[in-house]
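To start, the structure under review is shown below, and the notes come after it.
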Number of protein chains: 2
Amino acid sequence: MALFISTFTNRLDRKGRVSVPASFRAALGDRAHLGVVLFRAHRHACLEGFEWSRMEEIGRRLEHFDLFSDEQDDLATAIFGESVHLHFDGEGRVMLPEDLIEYAGLGEQATFVGLGRKFQIWSPQAFAERKKAAHEQVRERRLTIPAGREGAE
Amino acid sequence: MALFISTFTNRLDRKGRVSVPASFRAALGDRAHLGVVLFRAHRHACLEGFEWSRMEEIGRRLEHFDLFSDEQDDLATAIFGESVHLHFDGEGRVMLPEDLIEYAGLGEQATFVGLGRKFQIWSPQAFAERKKAAHEQVRERRLTIPAGREGAE
DNA sequence: AACCAGACCATGATATCCCATAAATATCCA
DNA sequence: TGGATATTTATGGGATATCATGGTCTGGTT
C-alpha cells in the first residue's frame, strides 16, 4: 500500500516546478511513471494529491451518492472537473499550474504533507496554522483511530 | 507480534545516527527491513516508535472514514503528517531527523525503552525522572494490567 | 521573434553504503 | 574447567550515491 507520511518543504522555482519528496515518489513504487493527480482541497486553502490509480476508487465512492444528486454533481465537478494530471520530470519534479499555485497561496516554498493515501501541498505559514488546528480538533473531540477487530492498543 | 522490552542507552553520533538495540531489531524479525516509524510523543518530551506494519494498519482503519471528512483529515494530519519512516543501515542504525532530536532533547546519548508493541527514545536524564514518576504512580494508584478479553490477536 | 513546456546537464549538500575497530558475548574443544 | 577462538554489537570514518535545486537547450506553438 502506498502511504505518504511526514512533511517536507521544498522550493518552488520560478518556472513553477517543485520536487516531490523522494519518499513520496518511493511510495508510488512502480506506478510513479503514471504521475499524480492534484486538485483544490474543498475545506482548506491547499492542494490535495493522489496517485493516479486512486481516481478510479474515488469514482466508485461517488457512486454511493444518489445519481444526479446535487452532492454528487458538486463533488464530481470539484474533483474530476478541476483536477490535473501531472507527470514527474527526470529529477522527480512536477510543474504546478498557475491557478493552483494561486489557490494554495504558494510563494517560494511548498510544504508537502503526507496524509496516508493522499497528500496535501500548503504554503508553510498556512500549514503551521492548520497543524495547530488539527491538533486541537483531535484533542477536543477526542478523535481516535477506529479500532480494528482486535481492540487496538 | 513484535515485543520491545528492557531499556538500552546508545550513542548518538555526530551524523545523527544511533544503533537500535539488537533485541529490538530481533523482535521485528523478518519485518526488520521495512524499518520503523517514529513520532513525537504527545505527553512527554520523547519519541515513540513502532514497526512499519502498524502504520499500514492505521492507514487501513482511516479508510473507514468518509473521504474528505474533517475527522479523517484532522487525524491524518496529526498522525501521518508528523511521523517519519526510518530504515536501518547495514549496522542496524537509524538516522534521527534533526527536529526530532531537538524535541526529545537528545545529546550524546539516547535511551531506548521497550514498552511492548511500541518503544520510546529519551535523553538519559529525562528518562531517569520519568521512571521515578512512573513507579510512584504505579505504587500510589495501585495500577494493574486489565485482564485480556483473550482470543483476540 | 517571443514564449513555453519538456528534456537534459551541473552542482552542492546530505544521506547511504561499506569497511574497520573494539568491546562484549558466545562457542568450542582439549 | 579453562582458555582460546569465533560472533555479535556498538561505534567511527571515508567513499559513493541520492536528492533538491538551478540552469541551458531544443522544438513546437503562436
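Bear in mind the structure is a predicted one, so any value in this text is a computation, not a measurement.
Ion pair Arg130(A)/Asp73(B) flagged as a salt bridge, since at least one NZ, NE, NH1 or NH2 atom sits closer than 4.0 Å to an Asp/Glu carboxylate oxygen. Ion pairing of Arg141(A) with Glu71(B) is present here, as a side-chain N (NZ or NE/NH1/NH2) and a carboxylate O approach within less than 4.0 Å.
His135(A) and Glu82(B) form a side-chain donor-acceptor contact under 3.5 Å, judged by distance and modelled atom types alone.
Separating the CD atom of Gln109(A) from the C1' atom of dA20(D) is a distance of 12 Å, rounded to the nearest angstrom. The interatomic distance linking Leu96(A) (CG) with dT21(D) (P) rounds to 13 Å, in whole Å. Rounded to whole Å, the distance from CZ on Arg11(B) to C1' on dG12(D) is 9 Å. Per the geometry, CZ belonging to Arg14(A) stands 15 Å off P belonging to dA5(C), to the nearest Å. Put simply, CZ on Phe8(A) is 13 Å from C1' on dA15(C), counting in whole angstrom units. Asp13(B) places its CG atom 15 Å from the P atom of dC17(C), with the value rounded to the nearest Å. Here dT14(C) presents its P atom at 14 Å from CG of Asp99(B), a figure rounded to the nearest Å. For the pair Glu108(B) CD and dA10(D) P, the computed distance is 18 Å after rounding to whole Å.
Checked against the 6.0 Å centroid criterion, the rings of Phe112(B) and Phe8(B) do not qualify as a close aromatic pair. When ring centroids are compared, Phe80(B) and Phe4(A) stay outside the 6.0 Å threshold. In this structure, the ring of Phe50(A) has its center less than 6.0 angstrom from the ring center of Phe39(A).
No option in His64(B), Glu57(B), Glu63(B) other than Glu57(B) meets the side chain to side chain donor-acceptor pair (under 3.5 Å) test with Arg61(B).
Within a heavy-atom distance below 4.0 Å of DNA chain D, the residues of residues 18-34 of chain B found are Ser19(B), Val20(B), Pro21(B), Ala22(B), Arg25(B).
Residues Arg25(A) and Ala32(A) approach most closely at O-CB, 4.2 Å, considering heavy atoms. In terms of heavy-atom proximity, Val18(B) sits nearest to Leu12(B) at CB-CD1, 3.8 Å. Taking all atoms of both residues into account, the shortest heavy-atom contact from Glu48(B) to Ala41(B) is CG-CB, 3.5 Å.
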Contacts under 3.5 Å, N or O only, protein and nucleotides 6-9 of chain C:
| residue | atom | partner | partner atom | Å |
| --- | --- | --- | --- | --- |
| dG6(C) | O6 | Lys15(A) | NZ | 3.1 |
| dC8(C) | N4 | Glu91(A) | OE1 | 3.4 |
| dC9(C) | N4 | Glu91(A) | OE1 | 3.4 |
| dC9(C) | N4 | Glu91(A) | OE2 | 3.0 |

Close N or O pairs between protein and nucleotides 21-24 of chain C (under 3.5 Å):
none

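With a 4.5 Å cut-off on side-chain heavy atoms, Ile121(A) and Cys46(A) do not count as touching.
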